[in-house]
Amino acid sequence: MSTTSTRPGTAHGRTGATAVHPLVADRWSPRAFDAAPLPDAEVVSLLEAARWAPSAMNAQPWRFLVGRTTEDGPDATHTGLLGTLAPPNRAWAHRAPVLVAALTRVVEDDGSARAVGPYELGLAVAQLTVQAESLGLHVHQIGGFDAEAVVDAFEVPVGYRPVAVLAVGRLGDAAGLPGWARAREGAARSRLGLEELAFAGRFGQAFDGLGSEDAGSAAA
Ligand SMILES: Cc1cc2nc3c(=O)[nH]c(=O)nc-3n(C[C@H](O)[C@H](O)[C@H](O)COP(=O)(O)O)c2cc1C
């Protein structure tokens with residue numbers, strides 16, 4: 001059975017029967033960003049959080065291209081990344097004061113594939129996202145972008161692949177969004193039930209700890 005939660009600011013914080021930390025429970029992906037520039041310290045804090053992620057053999061394969069809006073307007077990296085987004089994403093992401101392309105190494109110097117590169121990048125971005133939440137910021141990840149255009153525009157070396165663009169900022173006024181995006185801002189969030197994704201014994205057989213007293217006692 002899937003779980004649905006309502007928009008942040010309500011009782012949404014407990015995303016299921018079991019409590020999770022508010023930094024995780026309260027995270028969501030808005031489209032209404034406040035265009036005000038973010039202080040350097042906040043941007044660096046996000047990148048620091050990503051930097052300390054674990055990686056196989058501590059290879060740290062993640063790389064980030066950071067575009068920002070300043071008091072003078074968007075810098076060249078922000079403008080360049082925005083141009084690589086699919087039009088529906090561009091329609092709201094232009095207001096995010098920070099756009100970050102998240103890249104990872106997928107081919108080693110010896111030509112072998114680095115299969116865990118996207119996994120490692122995902123860990124780093126997850127840490128960045130939790131750090132953002134702790135600062136009152138939001139991250140909306142975007143897969144709808146032209147990775148080849150990022151490679152070309154930013155001279156990305158062979159072996160690295162842009163995987164996502166992150167829109168980062170504070171929550172803004174949804175009134176400025178296109179209608180379809182505004183409608184999604186208030187939509188309930190939903191997830192698969194744990195029994196659909198946590199197994200034991202064989203794939204597809206629900207992990208039998210899910211219905212236990214212990215799990216219930218952690219309920220919010
Ligand atoms: C790798 C990845 C790619 C995504 N691509 C897009 C995208 O192109 N456009 C978009 O609006 N949201 C995108 N999202 C956001 C998801 O739609 C969102 O995380 C999901 O619906 C769950 O909502 P929540 O983050 O508010 O819990 C992406 C998320 C991830 C992790």
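In listed order, ligands and their atoms are each counted from 1. Note that these values count all heavy atoms, side chains included, but never hydrogens, waters or copies made by symmetry. Along the sequence shown, residues carry numbers from 1.
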Checklist entry - How does the hydrophobic cluster around V106 look, that is, which other residues are in it when side-chain heavy atoms under 4.5 Å mark a link? => result V107

Item to check | The one among S29, G144, A93 that brings a heavy atom closest to atom 18 (C) of ligand 1 | outcome: S29

Checklist entry - Between H138 and F33, what is the shortest heavy-atom contact and its length? => result O-CE2, 3.6 Å

Next on the checklist: Within ligand 1, which atoms have a heavy atom of W92 less than 4.0 Å away?
Outcome noted: 11 (O)

Checklist entry - How does E185 reach ligand 1, if at all, at less than 4.0 Å between non-hydrogen atoms: by side chain, backbone, both, or neither? => result neither

Checklist outcome for this item: Within 4.0 Å of some non-hydrogen atom of R191, the atoms of ligand 1 are 22 (C), 24 (P), 27 (O)

Item to check | For ligand 1, the portion of N89 having any non-hydrogen atom under 4.0 Å away | outcome: side chain

N/O donor to acceptor pairs below 3.5 angstrom from side-chain atoms of residues 160-180, sequence neighbours left out:
| unit_1 | atom_1 | unit_2 | atom_2 | d |
| --- | --- | --- | --- | --- |
| Y160 | OH | R63 | NH2 | 3.2 |
| R170 | NH1 | E42 | OE1 | 3.1 |
| R170 | NH2 | E42 | OE2 | 2.8 |
| R170 | NH2 | L135 | O | 3.2 |
| D173 | OD1 | A175 | N | 2.9 |

Checklist entry - Between R182 and E185, is there a side-chain N and carboxylate O pair less than 4.0 Å apart? => result no

Checklist outcome for this item: Between A181 and R31, the two heavy atoms sitting closest are CB-CD, 3.9 Å

Checklist entry - With a 4.0 Å heavy-atom cut-off (strictly under), which part of A164 contacts ligand 1: side chain, backbone, both or neither? => result neither

Checklist outcome for this item: Atoms of ligand 1 under 4.0 Å from any heavy atom of R31, numbered from 1 in the order shown, are 10 (C), 11 (O)

Checklist entry - Under 4.5 Å between any side-chain heavy atoms of L197 and L194, yes or no? => result yes

Checklist entry - Would you say W28 and ligand 1 have an N/O pair spaced under 3.5 Å apart? => result no

